[in-house]
Structure formats: structure tokens, C-alpha cells
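Working notes, structure below.
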Amino acid sequence: MKVFSNSETFNYSWEEVSTANWRKYCPWNDKSTHVVAVDTLSRHVDPKTGILRTERLITCQQNAPELLKKLLGGKEETQVLETSYVDPAHKTVTMVSANLTYSNLINVEETVIYKPLNEHQTQFSQEAKITALCGGWQRIKNSIEDTLVKRFRENAIKGKEGFEAVLEMSRRVFAEEREREKMMMIMAQAPNIRLIHAQAA
Amino acid sequence: MSQSLAKQCNEVKERYDTCFLKWYSEKYLRGAANADSNECSALFKEYSACLHGALKDRGIDKLLEDAREDNKENDATFMGRKKCKRGYSHSQPCLLTFQTHRIITRIWIGTGRR
């Protein structure tokens with residue numbers, strides 16, 4: 001088994017990060033283009049703890065590492081099941097992802113945690129455990145695991161850049177929406193104000 | 001928003017995602033959410049029904065069953081039903097009990113077959 005771990009700081013509040021996380025793989029993110037589809041499979045709130053549990057199916061179109069392609073013939077699409085837990089009381093988002101494709105050969109389990117550092121900053125920590133399952137042949141196992149660790153490292157850099165872009169856009173869109181709502185409120189109140197003025201006059 | 005795996009579900013998925021995001025940021029994070037149902041439930045039902053066939057056709061439903069089974073330990077940990085420390089770096093006590101449980105199950109299945 002090989003382990004890849006990484007941690008980053010985002011200069012956005014936990015609320016902003018946890019919201020933008022739902023659209024991490026949208027067109028605003030031009031770095032993570034290997035993710036071609038994201039589908040929500042199930043979602044519910046635990047009445048006791050208030051924890052929101054979500055299952056998403058992530059479809060990637062990324063060429064499998066050369067070595068795997070040679071061994072397996074290389075599938076175009078690969079799927080990952082992501083189970084996430086949002087705990088609003090402890091302000092934590094935990095996401096556990098496991099590969100569905102090639103799961104009889106390789107086990108990849110990634111855990112991502114988003115926690116607030118303070119009111120304006122959020123820490124992202126990621127750990128991936130990669131285990132090649134094919135029997136015997138330690139050298140082959142090692143090189144499969146190393147290849148995947150390398151892939152994780154490459155994707156981690158792109159992932160941060162892409163998510164930064166999504167966070168920036170989200171903040172802008174939310175600000176615009178708030179502005180529009182404020183305008184609507186003023187517009188809605190305008191007749192009343194005019195009425196009060198007329199009565200006063 | 002991102003695309004759906006099944007093209008025919010894109011439209012309802014988009015409507016559901018938009019509804020969810022609004023609910024999440026305006027209600028859920030502000031502690032004003034209802035656990036049983038919300039304004040997006042009907043849309044989610046429609047979206048799930050659309051997706052169901054696509055998952056079956058691609059044989060993903062079977063893979064999902066296995067993956068869900070493997071994820072049960074994480075569910076217990078992160079849904080707060082288990083008294084062990086949160087986070088993967090402190091999960092040792094949980095991991096131990098899980099493995100013990102697995103070994104016992106295996107022995108039990110083994111003796112049953114004999």
C-alpha cells in the first residue's frame with residue numbers, strides 16, 4: 001500500500017468552501033476537465049445529528065496510466081463513488097471516495113476533510129491509500145501503486161487551481177444575487193414609501 | 001453545473017442541483033432545514049428515476065452495491081454513531097474493531113461451510 005497526502009489552505013470561509021464544493025466540477029473549473037459527469041445518487045439529513053450524507057457518482061475520462069492500459073486494455077470511462085458527510089455543528093465536510101472501476105485490481109480510497117482554520121480560512125486535507133491487489137509480483141504492484149501516487153500528485157495541483165477559480169466565481173455570483181435581492185426589496189417597498197410621502201404631504 | 005452521466009437526465013439534474021444549492025446555502029447552513037423533506041425532494045425523485053435505468057444499463061448498479069458495503073465502516077464513523085475520534089489519522093481503535101469483526105465473520109462463515 002502507498003499513501004499520498006496533501007494539505008492546502010483556502011482563503012475563504014468554511015461556509016463558502018462547503019457550498020462551492022458542490023460545484024467543484026462545473027464549467028468554471030477548467031483544470032479538472034477529466035471529470036465529465038457528477039451525479040447525485042442519494043442524499044439525506046440525519047435527524048439526530050443534522051449531518052447531511054450524500055452519495056455522488058463521479059465519472060472521469062482520463063486515460064488510465066500506461067501500465068494499467070497494457071494490463072487491462074484501458075477503459076475510457078472510470079467511475080468513483082464519493083460519500084460525503086457535512087457536519088454543520090462541528091463545521092466539517094468529510095468526503096470518502098472509492099474507485100468502482102478496476103476495483104478487483106486496485107483499491108483507491110481517498111479521504112478529504114474541509115475544516116475552518118478561522119472565520120476567513122479553510123483547511124483542506126487529503127489522504128489517498130492506494131493498494132494494488134493483483135497476486136504475487138511485488139514489482140508490478142509497486143509500479144502500479146507508484147504510477148497512481150504520481151497521478152494523484154499531478155491532479156492535486158490542478159485540483160487546487162480549479163477549485164480556486166470556482167470559489168472566486170461563487171463569491172462573485174453570490175454577491176450579485178444579494179445585490180439583486182436588495183434591489184428587489186427596495187423596488188417592492190417603493191410604492192409604500194411613495195404612499196407614506198403622499199400621506200405626509 | 002456539471003453534466004449527468006446520462007444525457008437524457010441533464011435537464012432535470014440541472015434543475016435539482018440549482019434547487020439543492022439554494023437550499024444548502026440559504027437553509028441548511030443556517031440551521032433552518034427540515035430533515036424529512038424539502039422543496040427539492042420532488043425534483044430529486046424525478047432525477048433519480050431518470051438515472052436509475054442508465055446505471056443499470058452500464059452495470060454500475062452492481063458495482064455500487066459492493067462499494068456501499070465497503071463503506072459501512074466510514075458511515076458509522078462519520079455519521080457519529082461510533083465513539084472514536086474523527087479523522088483518518090486517529091481512526092486506529094475503529095479500524096481494529098472492524099478487523100476483529102471481519103475475522104470473526106470469516107471464521108463463522110468458515111465453520112458453517114464445513
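Below, read A as the first sequence line, B as the second, and so on, with proteins coming before strands; counting in each chain starts at 1.
Of all the listed residues (A/Thr40, A/Leu81, A/Asn99, A/Val36), the one sharing the greatest number of non-hydrogen pairs under 4.5 Å with chain B is A/Thr40. Contact count versus chain B (heavy atoms, under 4.5 Å) is highest, among A/Thr49, A/Val96, A/Val38, A/Thr83, for A/Val38.
At least one donor-acceptor pair under 3.5 Å links the side chain of B/Tyr28 to the backbone N or O of A/Gly50. No donor-acceptor pair closer than 3.5 Å links the side chain of B/Tyr47 to the backbone N or O of A/Leu41.
Each of B/Ser4, B/Ser2, B/Ser48 was scored for a side chain to side chain donor-acceptor pair (under 3.5 Å) with A/Asp39, with one residue passing: B/Ser4.
Other residues, nucleotides and ligands contribute at most 12 non-hydrogen atoms within 6.0 Å of the CD atom of A/Glu119.
A/Arg53 places a side-chain heavy atom less than 4.5 Å from the side chain of B/Asp75. Residues A/Ser84 and B/Phe78 have side chains not in contact (no heavy-atom distance under 4.5 Å, counting atoms from C-beta outward). A heavy-atom distance below 4.5 Å is not found between the side chains of B/Leu63 and A/Gln79. Counting heavy atoms from C-beta outward, A/Tyr85 and B/Thr77 have side chains that stay 4.5 Å or more apart.
A side-chain N or O of B/Tyr24 and one of A/Ser18 form a donor-acceptor pair less than 3.5 Å apart.
Contact annotation for A/Leu57: only side-chain heavy atoms (C-beta onward) come within less than 4.5 Å of a heavy atom of chain B. For A/Thr59, the part lying near chain B is the side chain, with the backbone staying farther off; criterion is any non-hydrogen pair under 4.5 Å. At a 4.5 Å heavy-atom cutoff, the contact between B/Leu5 and chain A is made by backbone and side-chain atoms alike. Looking at A/Glu16, neither its backbone nor its side chain comes within 4.5 Å of chain B, counting heavy atoms on both sides. Contact of A/Val35 with chain B is not made at all, since no heavy-atom distance falls under 4.5 Å. Using a 4.5 Å cut-off between heavy atoms, B/Asn10 does not touch chain A at all.
If you take CZ on A/Arg23 and CG on B/Asp17, they are separated by 10.0 Å, rounding to the nearest 0.5 Å. We find the CD-CZ distance between A/Glu55 and B/Arg68 to be 4.0 Å, quoted to the nearest 0.5 Å. Rounded to the nearest 0.5 Å, atoms CD (B/Gln3) and OH (A/Tyr25) are 16.0 Å apart. The structure places OG1 of A/Thr111 at 6.5 Å from CG of B/Asn74, a figure rounded to the nearest 0.5 Å. A distance of 9.0 Å separates CG of A/Leu100 from CG of B/Asp66, quoted to the nearest 0.5 Å.
Both cation-pi conditions hold for A/Arg43 and B/Phe20: the charged atom is under 6.0 angstrom from the six-membered ring centre and inside a 45 degree cone around its axis.
Across B/Met79 and A/Asp46, no two heavy atoms sit closer than the pair CE-CB, 3.7 Å.
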